There are 2 protein chains.
Amino acid sequence: MTKLGMREIARRAGVAPITVSRALSRPEQVSEALRTRIMAVVAEAGFIPDRVAGSMRSSGRIIGTVVPPLINSGIAEQVKGMADACAANGYQLLLMQGEFSPAAEDQAITALLGWRPAGLVIQAFVQSRQARERIARAGVPVVEISEIRGRRPIDRVVGVSNYRAAHAMTMHLARRGYRRIGFVSTPVHGNDRLRQRRVGYRAAIRDLGPDYPAGLEVEVPITPQGGAEALSILARRDPALDVIFCSSDTLAIGAVQECHRRNWAVPGRMAVAGYGDLDLAAQIYPALTTVRVDREAMGRVAIEALIHGRREMVDVGFEIVQRESA
Amino acid sequence: MTKLGMREIARRAGVAPITVSRALSRPEQVSEALRTRIMAVVAEAGFIPDRVAGSMRSSGRIIGTVVPPLINSGIAEQVKGMADACAANGYQLLLMQGEFSPAAEDQAITALLGWRPAGLVIQAFVQSRQARERIARAGVPVVEISEIRGRRPIDRVVGVSNYRAAHAMTMHLARRGYRRIGFVSTPVHGNDRLRQRRVGYRAAIRDLGPDYPAGLEVEVPITPQGGAEALSILARRDPALDVIFCSSDTLAIGAVQECHRRNWAVPGRMAVAGYGDLDLAAQIYPALTTVRVDREAMGRVAIEALIHGRREMVDVGFEIVQRESA
DNA sequence: CTGTTAGCGCATTCAT
DNA sequence: ATGAATGCGCTAACAG
């Protein structure tokens with residue numbers, strides 16, 4: 001049995017190879033009679049066109065993406081959105097897991113570019129200067145999914161203003177009657193998103209006016225234990241504290257746990273708000289009040305921005321999810 | 001500026017294109033002098049070899065994978081394991097999100113095969129007969145990540161015995177003194193893993209002997225609400241019920257929530273065990289006793305099995321995670 | 001609508 | 001250790 005290629009399919013159907021090619025990728029350019037005959041042969045032979053060879057001449061249909069090492073929580077939803085949008089448009093997703101160092105990022109992007117992607121989606125701003133140059137030289141469109149405030153993107157951006165979201169949640173808590181709002185952050189160093197959340201919180205406290213107690217902050221590792229610890233620290237620092245706003249649901253869940261251990265009613269004795277709306281947020285007891293960002297939409301929109309060539313900066317927005325914990 | 005290719009790099013370095021190719025992929029075959037000179041030119045020009053063209057002649061370095069639509073929880077960890085192992089071995093991960101229908105599965109696999117993958121990782125047994133034929137014809141190695149009991153794989157399998165895991169958990173609960181063990185399942189239709197969990201539970205109840213009360217089961221949708229509902233149903237059916245074993249953590253979390261609502265102490269009034277060890281499992285109150293499977297290892301091992309051509313069936317094993325809820 | 005010709009950029013094969 | 005010739009399988013460009 002000859003290795004199955006278009007040439008062989010064409011021979012069996014009694015046409016030229018290019019006609020098979022057209023029947024497969026632009027059916028409308030081939031007469032119905034030929035098309036039917038060709039498709040029958042293709043189906044019968046189980047022929048699968050070689051996209052590698054196809055990409056040699058026409059533009060490829062691969063979209064490369066670099067995702068952070070922790071594919072937990074939100075990132076997975078983004079990937080889902082990307083995969084869906086790719087499938088819907090006939091593209092394939094080439095996934096690289098990146099570390100956070102600029103060198104690793106550059107390496108990941110280089111590996112992706114080698115596959116002649118139709119575009120790149122990066123889950124943050126590209127940091128490495130070298131990577132930016134490579135991308136520019138390759139002339140490949142890029143979408144950065146990130147904080148959209150105060151940055152100049154390489155090309156297109158899809159994201160949310162973490163600043164506005166954190167600001168809104170802080171105001172929301174104040175409106176609900178909490179007087180002493182503590183803020184728990186994970187280390188903001190080198191992470192725009194986290195930094196903007198903190199900045200948003202501070203701005204809100206300022207906007208609440210001089211009558212309102214000054215802010216109260218602590219920075220802890222991004223683990224439930226970190227959240228528990230933060231609660232202890234802040235409650236000790238200010239006994240009047242009545243709510244803590246955690247810059248991630250993971251922290252918030254840890255804080256709620258700590259309340260259970262102390263037998264503190266949530267939100268009676270201490271209220272807790274999170275950020276992210278993880279799956280768990282709605283499922284723990286009490287259900288978590290948090291900030292929700294539609295990560296799946298971010299992924300989908302990123303791919304669409306790439307494919308349809310929209311050059312705008314897309315803000316997918318956020319939502320304050322009011323549940324029981326605050 | 002000429003489009004940068006090996007030809008141009010070769011010209012600048014004063015060598016033949018093939019020498020550049022060798023310097024890049026088999027450095028040991030090129031003299032140090034030339035290699036150094038070539039690498040300098042490559043770096044200076046920011047040259048990235050075209051892997052698409054490269055794959056035309058040599059075998060590609062892409063591994064295709066089909067993942068279920070819900071990239072939540074465990075699947076994300078598997079993908080992480082795969083991505084890591086791919087990166088460590090110089091491969092790229094081509095990700096397709098598959099639906100569960102055989103037709104969609106076939107389509108996904110076809111799309112992947114078009115890219116001449118070095119191998120395929122499928123997150124279940126391939127169901128579609130057509131897909132199996134395509135894979136066979138393409139001669140591509142496949143790893144199925146799945147239930148490993150009682151199935152004949154296409155090629156290689158990496159997985160765990162859901163049967164043994166569920167059996168072990170049931171025995172574990174009995175050993176801890178629970179007398180009436182209910183089992184909550186999600187619909188097992190068409191899903192080996194879920195079916196084997198139920199079979200394992202039943203076998204354990206049988207093994208516990210005639211003195212032990214007969215099993216008590218219910219099947220509900222895989223949502224926290226399903227778990228809450230299951231608790232209500234089983235508790236009504238048998239007031240002596242003292243523990244429920246849920247075939248997924250999602251259900252278990254819902255059941256625990258329902259206990260909170262009823263003011264039932266967990267595990268005092270009702271104990272709950274889960275399956276899967278989601279992130280949340282350790283974080284809810286009380287922390288969930290569950291079955292843990294190292295999904296990340298599954299992903300990693302799958303890729304390694306593919307690359308290193310191991311043809312065995314790998315059982316990554318499981319672990320009973322004893323926490324507070326049961 | 002269909003076919004002919006040519007070549008995408010690299011790595012294999014065979015020489016030197 | 002280096003190079004020349006050749007073609008991987010497909011599709012763009014140009015005919016007919």
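So you know, we letter chains A, B, ... as the sequences are listed, proteins then strands, and number each from 1. The structure displayed is predicted, hence computed values, not measured ones. All values below come from the heavy atoms of this structure, side chains included, with hydrogens, waters and symmetry mates left out.
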Could you list the residues that satisfy side chain to side chain donor-acceptor pair (under 3.5 Å) with B:E147, not counting sequence neighbours?
-> B:N162

List in numerical order all residues of residues 18-31 of chain B for which some heavy atom is under 4.0 Å away from an atom belonging to DNA chain C.
-> B:I18, B:S21, B:R26

For A:R132, all residues meeting side chain to side chain donor-acceptor pair (under 3.5 Å), sequence neighbours excluded | none

Return the set of residues passing side chain to side chain contact (heavy atoms under 4.5 Å, CB included) with B:E44 (not counting sequence neighbours), or none when no residue passes.
-> B:R12

Short side-chain to backbone donor-acceptor contact, A:Q92 and B:L94, under 3.5 Å = no

All side chain to side chain donor-acceptor pair (under 3.5 Å) counterparts of A:Q130, not counting sequence neighbours = none

Distance in Å, B:M82 CE paired with B:T65 OG1, rounded so as to fall on 0.5 Å steps | 3.5 Å

Can you give each donor-acceptor pair under 3.5 Å made by side-chain atoms of residues 13-29 of chain B, sequence neighbours left out, with the distance rounded to 0.1 Å?
{"unit_1": "B:S25", "atom_1": "OG", "unit_2": "B:S21", "atom_2": "O", "d": "2.9"}

When you measure from every atom of DNA chain C, which of residues 32-45 of chain A have a heavy atom less than 4.0 Å away?
-> A:L34

What distance do B:R51 atom CZ and A:I62 atom CD1 have between them, rounded to the nearest 0.5 Å?
-> 12.5 Å

Of all nucleotides in DNA chain C with an atom under 4.0 Å from a non-hydrogen atom of chain B, which is the first and which the last going 5' to 3'?
-> C:dG9 to C:dT12

Sole residue of B:Q123, B:E296, B:R300 in side-chain hydrogen bond (donor to acceptor under 3.5 Å, both in side chains) with B:Q78 | B:Q123

Partners of B:D315 by side chain to side chain donor-acceptor pair (under 3.5 Å), sequence neighbours excluded?
-> B:R164

Hey, could you give me each pair passing salt bridge (Lys or Arg N to Asp or Glu O under 4.0 Å) that has a residue in residues 116-131 of chain A? Not counting sequence neighbours.
-> A:R116-B:D50, A:R129-A:E133

In short, salt bridge (Lys or Arg N to Asp or Glu O under 4.0 Å) pairs touching residues 83-97 of chain B with sequence neighbours left out are B:K80-B:D84

Please tabulate, one pair per line, each protein N/O and nucleotide N/O from nucleotides 7-9 of chain D that are separated by under 3.5 Å, including the distance.
{"unit_1": "D:dG7", "atom_1": "N2", "unit_2": "B:R57", "atom_2": "NE", "d": "3.2"}
{"unit_1": "D:dC8", "atom_1": "O4'", "unit_2": "B:R57", "atom_2": "NH1", "d": "2.9"}
{"unit_1": "D:dG9", "atom_1": "N2", "unit_2": "A:A53", "atom_2": "O", "d": "3.3"}

